[in-house]
Amino acid sequence: MAKRALVTGITGQDGSYLAEHLLSEGYDVWGLVRGQANPRVSRVRKLLQDVQLVRGDLLDQGSLISAVEKVRPDEVYNLGAISFVPMSWEQAELTAEVTGMGVLRMLEAIRVCSGITASRGSAAGQIRFYQASSSEMFGQVRETPQTESTPFHPRSPYGVAKAYGHFLTQNYRESYGMFAVSGILFNHESPRRGAEFVTRKVTLGVARIKLGLATELRLGNLEARRDWGYAGDYVRAMHLMLGAGDPEDYVIGTGRTRSVRELVEAAFTAAGLDWEQHVVCDQNLHRPAEVDLLCADPKKARTQLGWEPTVSFEELVAMMVEADLRLLADGHDPDHDSSWP
Ligand code: NAP
Ligand code: G4F
């Protein structure tokens with residue numbers, strides 16, 4: 001019988017790539033969708049026609065229990081979150097509820113539906129759980145590159161909420177013997193990335209300038225460094241983690257770090273433009289507290305899971321610029337609020 005996966009965050013970047021990957025592996029894929037008239041649901045229906053949808057919200061414990069009861073999944077991937085770091089300062093409580101407490105609610109839904117108690121641990125055939133942890137938890141980094149044992153020093157309410165979800169996942173593994181793991185994923189991008197994140201903001205900005213739809217691009221801190229990879233590669237790692245013999249946490253990244261300035265140079269160059277003629281640095285787009293440097297050490301994932309990234313930084317940037325040039329040339333321009341840093 002086909003394995004069944006339940007994915008929260010199905011309308012997001014990673015949800016779409018993960019669903020495609022699991023479908024290609026022969027899974028029955030169910031996506032959790034929220035809201036009464038969520039406009040992103042119709043996009044999922046078009047893009048992922050073989051995914052079945054179930055209603056639920058990470059803010060609503062009962063809805064998660066109902067979803068797990070209905071789907072009876074073999075695997076749950078918890079990708080749902082308020083995932084944009086600047087929003088977490090403006091709506092810190094909502095971020096704590098969705099990105100942090102949402103993990104507790106999902107784990108509890110699995111525990112209750114599986115009949116797991118402190119005295120009666122989980123049996124074979126248990127539901128396997130993946131938590132989308134983040135390199136934002138490392139924050140003000142204590143060492144470089146960052147590994148599974150690097151201490152956390154989160155710099156945003158988002159990072160703090162992710163650290164809570166991370167430790168809770170570990171705790172449910174230790175307390176109840178659940179197969180519950182976290183992937184500590186570094187930044188990963190694609191043509192499906194939200195327009196508010198810096199890579200997509202830059203590639204959309206480049207495409208608008210190239211097509212004569214804009215003349216400048218306003219950005220914040222150009223010196224921050226990130227370890228950027230391709231989302232399609234990273235969802236394979238999520239699946240490998242749930243297929244492993246033992247439940248363990250893994251760092252997933254490329255092991256190379258670039259500055260926002262290098263990203264900007266690469267994207268403008270890919271379109272034959274000179275970035276210095278168009279990029280405006282705007283102090284209002286700087287964050288209250290910055291994560292200056294992220295760089296993964298993905299050795300454990302390489303040696304234990306056989307995971308390797310396949311798309312280089314240059315290929316990723318070129319792929320995103322080309323996709324946005326095509327998108328805009330076809331008359332589509334994803335809305336974005338340029339006042340977000
Ligand atoms: P994304 O595109 O922002 O997607 C976030 C998803 O969360 C959306 O599907 C959204 O659904 C859903 N969501 C928001 N509030 C919800 C709620 N109350 N109940 C249920 N679902 C809710 O994020 P992504 O880039 O795909 O990232 C996936 C996960 O990985 C997130 O948890 C993110 O924090 C984490 N992560 C991402 C990266 C990265 O570089 N992309 C790195 C490390 C970790 P709606 O459409 O209904 O809003
Ligand atoms: O693209 P960003 O908004 O991503 P950030 O904050 O690193 O978070 C992403 O990666 C995390 C993993 O480390 C995920 F957990 C999280 O959910 C999300 O996917 O910003 C990247 C860097 C920052 O240092 C920011 O200050 O780019 C800098 N930046 C400079 N100008 C900008 C801008 N970021 C945005 N969004 N917009 C700007 O104008």
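First listed ligand is number 1; within each ligand, the first listed atom is number 1.
Contact annotation: for Ala224 versus ligand 2, heavy atoms closer than 4.0 Å belong to the side chain alone. Only the side chain of Leu294 comes within contact range of ligand 2, with a heavy atom under 4.0 Å; no backbone atom does. The part of Val260 lying near ligand 2 is the side chain, judged by heavy-atom distances below 4.0 Å. When non-hydrogen atoms are compared, ligand 2 lies under 4.0 Å from the side chain of Lys201 (C-beta onward) but not from its backbone. In Val198, the parts holding a heavy atom less than 4.0 Å from any atom of ligand 2 are both the side chain and the backbone. With a 4.0 Å heavy-atom cut-off, ligand 1 is reached by the side chain of Asn38 but not by its N, CA, C or O. The proximity of His286 to ligand 2, defined as any non-hydrogen pair under 4.0 Å, does not occur for either the backbone or the side chain. Only side-chain heavy atoms of Arg40 come within less than 4.0 Å of ligand 1; its backbone N, CA, C and O stay farther off.
Scanning Thr11, Ile10, Thr95 for the heavy atom closest to atom 45 (P) of ligand 1 points to Thr11. Heavy-atom proximity to atom 22 (C) of ligand 1, evaluated over Arg105, Arg34, Gln13, is greatest for Arg34. Counting heavy atoms only, Tyr158 comes closest to atom 33 (C) of ligand 1 of the residues Tyr234, Phe186, Tyr158, Phe84.
Per-residue contacts place Ala81 under 4.0 angstrom from the following atoms of ligand 1 (heavy atoms of the residue considered): 5 (C), 7 (O), 12 (C), 13 (N), 14 (C), 31 (C), 32 (O), 34 (O). For ligand 1 and Arg193, the ligand atoms under 4.0 Å from any heavy atom of the residue are 25 (O), 39 (C), 40 (O), 41 (N). Residue-ligand proximity, Ser133 to ligand 1, at heavy-atom distances under 4.0 Å covers atoms 43 (C), 44 (C). With ligand atoms numbered from 1 in the order given, ligand 1 contributes 40 (O) to contacts under 4.0 Å with heavy atoms of Asn187. Numbered from 1 in the order shown, with element, the atoms of ligand 1 that lie under 4.0 Å from a heavy atom of Leu185 read 42 (C), 43 (C). Against a heavy-atom cut-off of under 4.0 Å, Glu290 is close to the following atoms of ligand 2: 23 (C), 24 (O), 25 (C), 26 (O). Each of the following atoms of ligand 1 lies closer than 4.0 Å to a heavy atom of Val98: 15 (N), 16 (C), 17 (C), 18 (N). Proximity to Ala132 (heavy-atom distance under 4.0 Å) selects the following atoms of ligand 1: 29 (C), 30 (O), 32 (O), 35 (C).
The side-chain hydrogen bond (donor to acceptor under 3.5 Å, both in side chains) with Thr254 is formed by just one residue from the set Asp227, Asn187, Asp233; it is Asp227. The only option from Val33, Leu32, Val41, Leu18 that meets the side chain to side chain contact (heavy atoms under 4.5 Å, CB included) definition with Ile10 turns out to be Val33.
Ring-centre distance between Phe179 and Phe129: not below the 6.0 Å cut-off.
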Steps toward salt bridge (charged side-chain N to carboxylate O under 4.0 Å, His left out) verdict (Arg218, Asp282):
CA-CA 6 Å; Arg218 302 189 84 79; Asp282 185 341; 3.2 Å; yes

Taking it one step at a time, do Glu265 and Arg258 satisfy salt bridge (charged side-chain N to carboxylate O under 4.0 Å, His left out)?
CA-CA 11 Å; Glu265 278 172 7; Arg258 323 276 179 149; over 6 Å; no

Given the rule in the side-chain contact (heavy atoms from CB on, under 4.5 Å) test, do Val29 and Glu20 qualify, once you have shown the distances and angles that lead to the verdict?
CA-CA 9 Å; Val29 181; Glu20 282 171 352; over 6 Å; no

Starting from the C-alpha separation in whole Å, work towards a yes-or-no answer on salt bridge (charged side-chain N to carboxylate O under 4.0 Å, His left out) for Glu108 and Arg111.
CA-CA 5 Å; Glu108 275 294 285; Arg111 189 185 68 76; 2.8 Å; yes

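When side chains are defined from C-beta on, Ser190 counts as touching Gln13, because their heavy atoms get closer than 4.5 Å.
With values rounded to the nearest 0.5 angstrom, Met238 atom CE is found 10.5 Å from Trp307 atom CH2. With values rounded to the nearest 0.5 angstrom, Asn78 atom CG is found 10.0 Å from Tyr130 atom OH. Leu58 contributes atom CG, which lies 11.0 Å from atom CD of Glu97 (distance to the nearest 0.5 angstrom).
Applying the ring-ring contact (aromatic ring centres under 6.0 Å, His included) definition to pairs two or more places apart or across chains, those involving residues 27-63 are Tyr27-His239.
In terms of polar-atom proximity, Pro86 is not counted as a contact of ligand 2, lacking any N or O under 3.5 Å from an N or O of the ligand. For ligand 1, one of its N or O atoms has an N or O atom of Asp57 under 3.5 Å away. Taking only nitrogen or oxygen atoms, main chain and side chain alike, Ser135 does not reach within less than 3.5 Å of ligand 1. Checking only distances, Gly12 does come within under 3.5 Å of ligand 1, N or O to N or O. For the pair Phe197 and ligand 1, the shortest N or O to N or O distance does not fall below 3.5 Å. The shortest N or O to N or O distance between Thr199 and ligand 2 is not under 3.5 Å. Ligand 2 has a nitrogen or oxygen under 3.5 angstrom from a nitrogen or oxygen of Tyr158.
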In a table with atom names and distances, give each donor-acceptor pair under 3.5 Å that connects a side chain of residues 292-306 to protein atoms at least two apart or in another chain.
| from | atom 1 | to | atom 2 | distance (Å) |
| --- | --- | --- | --- | --- |
| Asp297 | OD1 | Lys299 | N | 3.1 |
| Lys300 | NZ | Glu248 | OE1 | 2.9 |
| Lys300 | NZ | Asp249 | O | 2.8 |
| Thr303 | OG1 | Lys299 | O | 3.0 |
| Thr303 | OG1 | Lys300 | O | 3.3 |
| Gln304 | OE1 | Tyr250 | OH | 3.2 |

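Here Lys210 does not pair with Glu322 in a salt bridge; the nearest charged N to carboxylate O distance is not below 4.0 Å. A salt bridge links Arg261 with Glu223: the distance from a Lys NZ or Arg NE/NH1/NH2 to an Asp or Glu carboxylate oxygen falls below 4.0 Å.
Using 4.0 Å as the threshold, Leu79 has a heavy atom nearer than that to some atom of ligand 1. Heavy atoms of Gly102 stay at 4.0 angstrom or farther from ligand 1. Arg192 does not count as a contact of ligand 1, since none of its heavy atoms falls under 4.0 Å from the ligand. At least one heavy atom of Arg193 sits closer than 4.0 Å to an atom of ligand 2. Residue contact check for ligand 1: Lys162 places a non-hydrogen atom closer than 4.0 Å to it.
Not a single donor-acceptor pair under 3.5 Å links the side chain of Arg193 to the backbone N or O of Lys201. Between the side chain of His278 and the backbone N or O of Thr215, at least one donor-acceptor pair lies under 3.5 Å. Judged purely by atom type and a 3.5 angstrom limit, Gln49 uses its side chain to pair as donor or acceptor with the backbone of Lys46.
Protein heavy atom at the shortest distance from atom 6 (C) of ligand 1 is Gly9 CA, 3.6 Å. Ranking protein heavy atoms by distance to atom 26 (O) of ligand 1, first place goes to Asp14 N, 2.8 Å.
The minimum heavy-atom distance between Glu136 and Ser156, with the atom names listed, is OE1-OG, 3.3 Å.
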